[in-house]
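Down below is the structure, laid out as structure tokens.
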Amino acid sequence: MSASITGLLKPWTPRLFLVRWSRYNPYYLEPEPRKEVYHIPETELTPEQKEERELKSVRPIKAATNSVTSSVFNDPVLSKFVNMMMKDGDKIIAKGIITQTLENMKRKQVEKYHKAPEGKKAEIECNPYAIFHQALENCKPVIGLASIQKGGKFYQVPIPLTDNRRRFLAMKWMITECRDNKHRLTLMYEKLSQELLAAFSKEGNVVKRKHELHKMAESNRAYAHYRWW
Amino acid sequence: MAMQGGTALQEKVSRMLSRKQKKPVLKPNKPLVLKDEVANRKIKKGEATCVTEMSMMMACWKQNNFVDTLCSNEMQSFYKCVEKAQVCCCHSQCTGNPCSRLIAHTPLSQPPVVLN
């Protein structure tokens, strides 16, 4: 199959109008944004990595999207969260809200840190990125429910979820919770920082929602055999 | 030897198809050629995977009032089981899978090997 495709491919010349979301020929390789890969010295490369490098010197490579960078601040989970929060393609506003949220969380935690007695200071987490990641981990459900038809009726069957699905559900619940259940005058970043800090300490509505899902799954455990995969 | 066997078979088939002697025995509606793909089979429904791990985890939850930290062992074993099940889903080791058709296709799509 690849032989026919390479036959159709004209000799590659760089063009001005190579748009990212157009369909690339499968001959093109993915770009590698991580810096650590390029810092490995020649001697420490495994044979597969050497082969990959040789392949990259011959084949054309796709243009990188705007969202991937090789900077230290690039966080794929955070980027995904920003994209989910975005409305009508307005990423600037969404990114602004997230930065304000992180700053707000940092401020609250630093205030708590300074007010805490000496023994408890080490336990308070001040890094907003760490708080964000831990809060999201605490919100991820372990099993989900699927509607499966058996004998004319639909049953809610507990199923294992993939990692992507779990991450998506955690983020979705967080965003809907912050949009729906807030007072008219509270700003989004304020509510989001409150919810993230609550989720970090395993309290709050999002974690409650996760527990409710678990309880539903537990009550329906008899239907687990209706799965066929 | 395969070629001699092949020609004998061709002669027998042409005799069965011909109308010169008696009525033709074979009346094929499609050309008598082997295809290079296997026909569709009805996918047999498998069983639910990881049910034991799931039930152990749920029993642990029931005991500990759904606190996650106390059930971390059961949860880890559940995750491992799920990972293994996902890997097994499209591997040749699992029989009776939709992927077994793929396994038959790859040698069939290659050109035939002539043994001398």
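Source: prediction; values computed, not measured.
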Proximity breakdown for B:T49 and chain A, heavy-atom pairs closer than 4.5 Å: both
Leading residue by heavy atom contact count with chain B [cutoff under 4.5 Å; candidates A:D163, A:I143, A:N138]: A:I143
Could you go through residues 147-160 of chain A and list every donor-acceptor pair under 3.5 Å that involves a side-chain atom there, pairing it with any protein atom two or more places apart or in another chain?
none

Aromatic ring pairing A:F81/A:F132, orientation class (parallel under 30°, perpendicular over 60°, tilted between): perpendicular
No-hydrogen, no-angle side-chain donor-acceptor test under 3.5 Å, A:E190 and A:N104: yes
Residues that B:F78 engages under ring-ring contact (aromatic ring centres under 6.0 Å, His included), provided they are two or more places apart: none
Interface moiety of A:K215 toward chain B, non-hydrogen atoms closer than 4.5 Å: both
